[in-house]
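In what follows, chains are A, B, ... by sequence order, proteins preceding strands, each numbered from 1. A quick note: this is a predicted structure, and the numbers were derived from the prediction, not measured.
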Amino acid sequence: MKKIKCALIGSGNIGTDLLYKLQRSDILEPVWMVGIDPDSEGLARARELGIKTTADGIDGLIPHIEADEIKIAFDATSAYVHAENSAKVNEKGVLMIDLTPAAIGPFCVPPVNLSQLNSDIKNVNMVTCGGQATIPMVAAVSRVQPVEYGEIVATVSSKSVGPGTRQNIDEFTRTTSGAVEEVGGAKKGKAIIIINPAEPPLLMRDTIHCLTETTPDQEAITESVLQMISEVQKYVPGYKLKNGPVFDGRKVSIFLEVEGLGDYLPKYAGNLDIMTASAARTAEMFAQQMLDNTQPDSQN
Amino acid sequence: MDLKNKKVTLHDMSLRDGMHAKQHQISLDEMVSIATGLDQAGIPLIEVTHGDGLGGSSLNYGFPAHTDEEYLSAVIPKMTQAKVSALLIPGIGTVDHLKMAYDHGVSTIRVATHCTEADVSQQHISAARKMGLDTVGFLMMGHMISPEELVAQAKLMESYGANCIYCTDSAGYMLPDDVKARIGLFRSELHKDTEIGFHGHHNLGMSIPNSLAALEMGASRIDGSVAGLGAGAGNTPLEVFTAVLDRMGANHGIDLYKIMDVAEDLVTPMMDQPIRIDRNSLTLGYAGVYSSFLLFAERAEKKYGVPARDILLELGRLKTVGGQEDMIDDTAMTMAKALKAGKA
């Protein structure tokens, strides 16, 4: 079966984990990995896996896009350089899937709004790890009844938080709280991130609090939450409800644990796994549309 | 110990750390009257915000009676000599909050991180420094790592532009020798112009000896709180510490009778519960758990029937850090389920 060819920009932990996931895909084929350090471990590992690499950044990739039929690029670098990367690949007609918190394109949280995204968009943003883990729960409550206020607390292990996130942790809180509103459906959103250095590293923990406008319909919300959890489990099997939903007046609280698949990143880094898994799932949907559109004239 | 004529800057916490003990419900009138009393007593620096710092207003930590803007704009214009500081915990508050506090006239920003995570404070410390603020790096739960590891984190904050670094005993776990080792290393390894501070909690009854130990090793700023109003068994009680400093001949600049009166006439009457070492706050100090977990654990005991002391011990075993208040209900529910399964 024909696959859609992809490029990965960023050869760090996220890029490498994503590479493993793309290699398992039935419809995506990773072809290029872009880095900036010729001696980087990530690029060396990619070469071993038969992937073409460049250490010249985005400009090392651009001349090959047409010849290698790249249709989708993933950016796992940083918010600071994302806009430039995106503009350069878009110019070549390539769809950009943004794993940085730059958020220049629409947000995508797959079980909530993937099917509503317009097929002609050129940039889609994966929010943040905390957003991917928690926004499905906010949406699970807000699809039952209006949510006046949604708040998420993401606790992640110190080892799973890279230098990019650390230098700009405000970007995390702003982007996530924005998406709690825009995608999660809360009228007002707030996001908190806590980094815990415990050894052995803790699994990602997430708490979601919603204030509903009227008395919460406990039965309907519980059912909606459980159903949404099984949707997320389709691409993140380690996504688990620890406690709740707990109801206290108009407050609904949900307590989660997210264990990663352990592709390249360790299992405790469920926060990174849910990002790469969501990005791969988003790309697959667009790839399927691309294949459907090209099928009539590619039947030879 | 010779503290004769040593200059000590006392920093009051009753209107910030004290917010934990009041579930963030201190009224504007109470804030203003206490701050005014402290100003008149000669306290040079007073911290005002939500207990969890700027932007702390949340379901997770509690919605406050008033916004940070309201508190700051009520208190700051009333001060004659005292300056006002604000706490900022990256991950909870952002540079936007910092700018708001600056616009409202705070003189000092204290950027707080868990003791191992100083590198998340770079954007906030450098922004505060660029605004010309007195900029403090505040390393919380400092008992959890060795003095050598802690000083490495202190150096990061110093490199981002902090002009003062705190060793913070958020759990009230440290003993005087723990404080001496940390502050001593700060003093020998940090730049000589960098000030050093200590923030204590009274959970093991050590807040005053620990604060003295910090001064002995070179700290010059000490946090405390009138009548001890603060999380857990409270902060270093400022009126008591002032009396001790006075006996030792230190240069503290505080009117002892006036600060005693603020403690007795204003702060103690507004306490919702006595701030003292009971079995639960003692457990915080004993197990090394973040002091503001206390009231959350006591509420979880009522809700889920698991003793607060057991919940706190478990949170210590899980190595939770400041800010993980959501883990308290979560852990209590998990423990309640296990108890139920054990009985069945």
Side-chain angles (χ1 to χ4, degrees), chain A residues 130 134 148-159 161-177 188-203 205-211 241-246 248-257, chain B residues 52 55-61 63 88-99 111 113-124 126-127 141 144-145 149 153 156 160 290 299-300 303-304 316-337:
Chain A
T134 58
E148 178 185 307
Y149 174 81
E151 175 180 312
I152 72 96
V153 185
T155 304
V156 294
S157 68
S158 189
K159 275 196 175 156
V161 184
T165 307
R166 288 172 180 275
Q167 277 161 24
N168 198 354
I169 199 161
D170 282 5
E171 196 91 45
F172 175 97
T173 44
R174 286 192 200 114
T175 302
T176 310
S177 57
K188 183 162 173 34
K190 182 168 178 72
I192 294 168
I193 179 170
I194 310 284
I195 304 175
N196 181 312
E199 287 290 340
L202 50 78
L203 295 176
R205 296 297 298 253
D206 297 283
T207 299
I208 298 93
H209 300 292
C210 292
L211 275 184
L241 182 68
K242 283 290 282 188
N243 283 301
V246 181
D248 179 5
R250 289 189 296 124
K251 183 168 84 166
V252 184
S253 302
I254 300 157
F255 301 86
L256 303 172
E257 182 175 89
Chain B
D52 296 271
S57 170
S58 57
L59 285 168
N60 204 43
Y61 306 123
F63 288 126
L88 172 72
I89 305 177
I92 298 176
T94 65
V95 169
D96 303 336
H97 296 105
L98 196 165
K99 287 185 183 135
V111 184
T113 73
H114 183 69
C115 57
T116 53
E117 312 300 319
D119 58 358
V120 300
S121 67
Q122 182 170 10
Q123 68 186 139
H124 314 83
S126 54
M141 299 289 273
M144 290 181 88
I145 53 174
E149 291 166 303
Q153 298 288 312
L156 286 176
Y160 306 147
Y290 198 63
R299 287 197 294 272
K303 252 190 275 178
Y304 306 109
R317 196 189 64 80
L318 292 170
K319 298 182 185 137
T320 50
V321 303
Q324 285 190 271
E325 271 76 349
D326 58 318
M327 279 301 286
I328 300 167
D329 267 25
D330 193 348
T331 302
M333 280 185 271
T334 303
M335 290 172 82
K337 277 186 214 162

Q: For chain B, find which of Gly244(A), Ala198(A), Pro197(A) contributes the most heavy-atom pairs closer than 4.5 angstrom.
A: Pro197(A)
(Q) Using a 3.5 Å distance criterion without hydrogens, assess whether the side chain of Tyr290(B) forms a donor-acceptor pair with backbone atoms of Gly323(B). (A) no
**Q.** Shortest non-hydrogen separation from Gly130(A) to Thr176(A) and the atoms involved
**A.** C-CG2, 4.3 Å
**Q.** Contact class of Ser57(B) relative to chain A, heavy atoms under 4.5 angstrom
**A.** backbone
**Q.** Between Thr113(B), Asn60(B), Thr116(B), Val95(B), the one whose heavy-atom pairs under 4.5 Å with chain A are most numerous
**A.** Asn60(B)
Q.
Heavy-atom cut-off 4.5 Å, strictly under: side chain, backbone, both or neither for Ala191(A) against chain B?
A. backbone
Q.
If you count heavy-atom pairs within less than 4.5 Å of chain A, which of Asp119(B), Ile89(B), Val321(B) leads?
A. Asp119(B)
Q: Measure distances from Ile194(A) to the heavy atoms of chain B and classify the residue's part below 4.5 Å as side chain, backbone, both or neither.
A: side chain
Q | Polar side-chain atom of Thr175(A) near backbone of Phe172(A) as donor-acceptor pair, under 3.5 Å | A | no
Q | Contact class of Val246(A) relative to chain B, heavy atoms under 4.5 angstrom | A | side chain
Q: Select one option (side chain, backbone, both, neither) describing which atoms of Met144(B) are under 4.5 Å from chain A's heavy atoms.
A: neither
Q. Counting heavy-atom pairs under 4.5 Å to chain A, which of His114(B), Glu117(B), Gln122(B), Met333(B) comes out on top?
A. Glu117(B)
Q. Going from CD1 on Ile193(A) to CD1 on Ile92(B), what distance comes out if it is rounded to the nearest 0.5 angstrom?
A. 11.0 Å
Q: Specify which of Asp96(B), Ile145(B), Asp329(B) makes the most heavy-atom pairs with chain A at under 4.5 Å.
A: Asp96(B)
Q) Is the number of heavy atoms from other residues, nucleotides or ligands within 6.0 Å of NZ (Lys303(B)) greater than 12? A) yes
(Q) Quick check against the 3.5 Å criterion: does Gln153(B) have a side-chain atom that pairs as donor or acceptor with the backbone of Ala118(B)? (A) yes
Q: Could you tell me which of Thr165(A), Thr207(A), Leu202(A) has the largest number of non-hydrogen atom pairs under 4.5 Å with chain B?
A: Thr207(A)
(Q) Any side-chain to backbone donor/acceptor pair from Lys337(B) onto Asn243(A)? Under 3.5 Å, distance only. (A) no
Q | Sequence-distant partners of Glu257(A), salt bridge (Lys or Arg N to Asp or Glu O under 4.0 Å), two or more places apart | A | Arg205(A), Lys242(A)
Q: Identify the heavy atoms of Gly55(B) and Lys190(A) that sit nearest to each other, and give their distance.
A: O-NZ, 2.8 Å
Q) Can you say whether Thr173(A) sits under 4.5 Å from chain B via the side chain, the backbone, both, or neither, judging by heavy atoms? A) side chain
Q.
Using heavy-atom distances under 4.5 Å, tell me whether Ser58(B) contacts chain A through its side chain, its backbone, both, or neither.
A. both
(Q) Using heavy-atom distances under 4.5 Å, tell me whether Glu151(A) contacts chain B through its side chain, its backbone, both, or neither. (A) side chain
**Q.** Contact winner vs chain A - Thr334(B), Asp326(B), Asp330(B), heavy-atom pairs under 4.5 Å
**A.** Asp330(B)
Q. Checking salt bridge (charged side-chain N to carboxylate O under 4.0 Å, His left out) for the pair Glu199(A)/Lys319(B): CA distance, chi angles, key distance, verdict?
A. CA-CA 9 Å; Glu199(A) 287 290 340; Lys319(B) 298 182 185 137; over 6 Å; no
